[in-house]
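None of the values given here were measured: they were computed from a predicted structure. Numbers here are sequence positions counted from 1.
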Amino acid sequence: MGTDKHDEQVHTSDAGLTDSHGNTLHSEIDLGDHHEETTDDSLEDVHVDYSHHTKSQLAALIKDLAKDENFKHVDAVLREIKPLYDDMREKEKAEALVRFIGAGGVNEDFDYKGDESDMIFDANFKLIRDRKTQFIRQQEERKGDNLKRKEDLLERIRVLADQDSSDNQFEQFKELQKEWKSIGPVPGPQAKTLWANYHALVDRFYDNQSIYFELKELDRRRNLEAKAELCQRAEKLAEVPIIKDAIRELNELHHEFKHVGPVPKDDKEAIWQRFKKASDAVYAKRDAYLQNLQQELNVNLDEKAKLSDEVQEFANYQSDRIKEWNQKTKEILDIQKRWEIVGGLPRAKAKEVNRKFWSAFKAFFNNKNTFFKKLDEERDRNLQLKNELVQKALALKESSDWERTSNELKSLQQKWKEVGPVPEKFREKVFAEFKEACDYFFEQRRTQHGKVENEQVENLHAKEQVCQQLEAHTANGTASADALKELQDQFNAIGFVPKKDITAIRNRYHEAVDKFVEAIQGFSEEDKNKLLLENELSDLRNDPMADRKIFQKEQAIRKKIGKIENDISLWKNNLEFFSRSQNADSVRSEFNEKIKEATDHLKQLKDQLKLLRTV
């Protein structure tokens, strides 16, 4: 169907909202074709954050992009991810160069080939570029072909319009109109001129078909009905919940309305204003949506800017304690969760905020990885040292030079204590090997020399005398911290006792110490507990199983701390519950007393834990 001459008139008095191409709808000539790009860019303003992607993730992403036919979307994503990928590649290349030179190479011989992700990224980037070039070339070729087809078609319409009337002339004209509608877009500079010429020829044809007046009027009434139906469909779009879908369908309706053809002249302005009003309603809803969206994005921007500031303190964090690193890791991951909950950002501001956040985030984990790498290296060195001590102990285990070998093994045991921790998976094994070698030698020495038994009996008597002195101080009220330290050193300096008496003398000593400490005048319960713990740790220092026992002790204290913290939390919750009961004051007093006692005990346990870490 054609369009009437009046369709080309510009209604400057009722400028409406702009369509998805930024055009104001004055007349049908401003309506777009569905052949044109109909995506409303303003509805795509939410920025996707790729800055925390790894190289492999970016390589997988560009692999998917290479299959995408929407080159506008592909270009937008590539603008985001290519600089990120190039930065990662340059960093890896610089690190590889440092390693190469450190291994004795020279700069001129360095040749960086990259990894599998680099090959995937480069291959797909080239594929996208080649496909886009081919697509653009084909589009331009098609537009050129379409222009030639429409120019040829205009000439055929001109010939038909100037011919004398014939029986099938009107049907021929309708076929030419259908063919015109089916032809795709033409180059931009020629589009409006071509459309104006088409309209002029349609008018000429209709003006020359006086003998088909009734048929022409019938056609106009049918066009009016078709445009009324399009108006109804456009009016319903204001209720479509997803604005992008509404805009997409409205663009299709614009194309249909533009190509329906002329309507009766008396109805022309009314049907156009109805359709324009329906279109403006959809665009008004779109503008309101965009305004709200922009407000939401600005709120998100404020939130993420604060989180970016908050994470900066982690960028230069350093510590030499595993626990502190783990605690800081928990804190920064909590911030990351809060970051990810926040929605999208305005495209113009997103890159700066994302770079600030993720730069600090990555710096923290780089520092953490460096720390644990050094820690692993140190533990590997410790393992090597302990393996060397094991070999020395194994070489001495069969010796019968009791005195000299005994001193050498004791020296090895002292060195063993001074060496730091080893990797967890080797700790038990290497210690068992060292202990077995030492135990074997000392067992041989005990077996071969009866005097060892006498020595152990004497040691037992000496330890019993220390216990007697502790008990005497307790009975006489002369117990003091200095006296305990002196007697403690005496007890620990005494050698082995008979195996059958080990448990009994140890129990007597610990019981005597407990009573001794309890009898010290002027000491608070906290001071007494600390003194008892120091005494226990002093014993542990001389125990070959010290590592395990200290660990077990630490776990026991942590378990108590956890229980007390749970109890305090429960009692505090109960306080709020009982505050509504009749005897609230007495109940509150009871629970407050419990909480106070538990809090004091909690402090003591935490002090014990700190003391335990010094061993």
Notebook entry, point to check: Between Arg89 and Asp122, does a salt bridge (Lys or Arg N to Asp or Glu O under 4.0 Å) hold up when you go through it step by step?
Noted result: CA-CA 11 Å; Arg89 190 189 335 226; Asp122 291 342; 2.8 Å; yes
Can you establish whether the number of heavy atoms outside [X] located under 6.0 Å from its atom [atom1] is more than 12?
X      : atom1 : value
Asn316 : CG    : no
Glu388 : CD    : yes
Tyr112 : OH    : yes
Gln521 : CD    : no
Lys415 : NZ    : no
Glu352 : CD    : no
Glu116 : CD    : no

Check: Cation-pi between Lys328 and Phe364: NZ/CZ under 6.0 Å from ring centre and within 45° of the ring axis?
Finding: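 So Lys328 doesn't make the cation-pi contact.
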Margin query: Distance to the ring centre below 6.0 angstrom and angle to the axis at most 45 degrees; does that hold for Lys82 and Phe125?
Written below: yes
Do [X] and [Y] have side chains that approach each other closer than 4.5 Å (heavy atoms only, starting at C-beta)?
X      : Y      : answer
Ile332 : Gln336 : no
Phe314 : Ile335 : yes
Leu487 : Leu484 : no
Asn298 : Gln295 : no
Asp439 : Glu443 : no
Phe426 : Phe431 : no
Asn354 : Leu345 : yes

All side chain to side chain contact (heavy atoms under 4.5 Å, CB included) counterparts of [X], not counting sequence neighbours:
X      : value
Thr503 : Asn507
Glu464 : Leu460, His461, Ile505, Arg508
Lys563 : Asp567
Leu375 : Ile322, Phe371, Phe372, Arg379

So, using ring pair (Phe, Tyr, Trp, His ring centres under 6.0 Å) as the criterion, who are the partners of [X] when residues are at least two apart?
X      : result
Tyr440 : none
Phe442 : none
Tyr317 : Trp325

Margin query: Are Phe441 and Trp402 an aromatic pair, judged by ring center distance below 6.0 Å?
Written below: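 When the ring centroids of Trp402 and Phe441 are compared, they turn out to be within the sub-6.0 Å range.
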Item checked: Check: Tyr509 ring centroid to Phe491 ring centroid under 6.0 Å ->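 Judged by ring-centre distance (under 6.0 Å), Tyr509 and Phe491 do meet the cut-off.
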Testing the basics here: between [X] and [Y], what is the closest heavy-atom pair and its distance to 0.1 Å?
X      : Y      : answer
Thr405 : Leu396 : CG2-O, 3.6 Å
Cys438 : Leu409 : SG-CD2, 4.2 Å
Trp416 : Val430 : CH2-O, 3.5 Å
His53  : Gln57  : CA-OE1, 3.2 Å
Pro346 : Leu301 : CD-CB, 4.2 Å
Phe434 : Val390 : CB-CG2, 3.8 Å

Salt-bridge present ([X], [Y]; N to O < 4.0 Å):
X      : Y      : value
Asp118 : Lys113 : no
Lys463 : Asp501 : no
Asp302 : Lys306 : no
Asp87  : Lys55  : no
Arg427 : Glu424 : yes

Check: Does the pair Arg338 and Glu310 meet the rule for a side-chain contact (heavy atoms from CB on, under 4.5 Å), with working shown?
Finding: CA-CA 11 Å; Arg338 287 155 54 198; Glu310 187 175 342; 2.9 Å; yes
[atom1]-[atom2] distance between [X] and [Y], expressed to the nearest 0.5 angstrom:
X      : Y      : atom1 : atom2 : answer
Thr474 : Glu518 : OG1   : CD    : 10.0 Å
Leu383 : Asp376 : CG    : CG    : 12.0 Å
Thr54  : Leu61  : OG1   : CG    : 10.5 Å

Check: Which pairs with one or both residues in residues 475-488 pass salt bridge (Lys or Arg N to Asp or Glu O under 4.0 Å), sequence neighbours excluded?
Finding: Lys485-Asp489
Check: Does any pair with a residue in residues 393-414 pass salt bridge (Lys or Arg N to Asp or Glu O under 4.0 Å), and if so which ones, sequence neighbours excluded?
Finding: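 Pairs touching residues 393-414 that pass the test: Lys397-Glu436, Asp401-Arg404, Arg404-Glu408.
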Next item on the list: Kindly assign one of parallel, tilted or perpendicular to the pair Tyr85 and Phe121, based on the angle between their ring planes and the thresholds 30° and 60°.
Entry: parallel
Notebook entry, point to check: Aromatic rings Phe361 and Phe357: how do their planes relate, parallel, tilted or perpendicular, breaks at 30° and 60°?
Noted result: parallel
Please enumerate all residues that pass side-chain hydrogen bond (donor to acceptor under 3.5 Å, both in side chains) together with [X], with sequence neighbours excluded.
X      : result
Gln327 : Glu331
Lys374 : none
His473 : Thr478

Margin query: Run the side-chain contact (heavy atoms from CB on, under 4.5 Å) test on Gln312 and Lys356 for me, step by step, so that the C-alpha distance in whole Å, both residues' side-chain angles and the decisive distance to 0.1 Å come before the verdict.
Written below: CA-CA 8 Å; Gln312 295 309 305; Lys356 182 177 179 181; 3.4 Å; yes
Note to self: Does Glu303 form a side-chain contact (heavy atoms from CB on, under 4.5 Å) with Val299? I'd like the steps, not just the answer.
What the structure shows: CA-CA 6 Å; Glu303 281 192 53; Val299 170; 4.1 Å; yes
Item checked: Steps toward side-chain contact (heavy atoms from CB on, under 4.5 Å) verdict (Asn124, Leu65) -> CA-CA 8 Å; Asn124 284 279; Leu65 284 178; over 6 Å; no
Item checked: Side-chain donor/acceptor of Asn459 to backbone N/O of Val497, under 3.5 Å -> no
Notebook entry, point to check: Are any side-chain N or O atoms of Asn382 and backbone N or O atoms of Val419, one a donor and one an acceptor, separated by less than 3.5 Å?
Noted result: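 Checking the backbone N and O of Val419 against the side chain of Asn382, no donor-acceptor pair under 3.5 Å is found.
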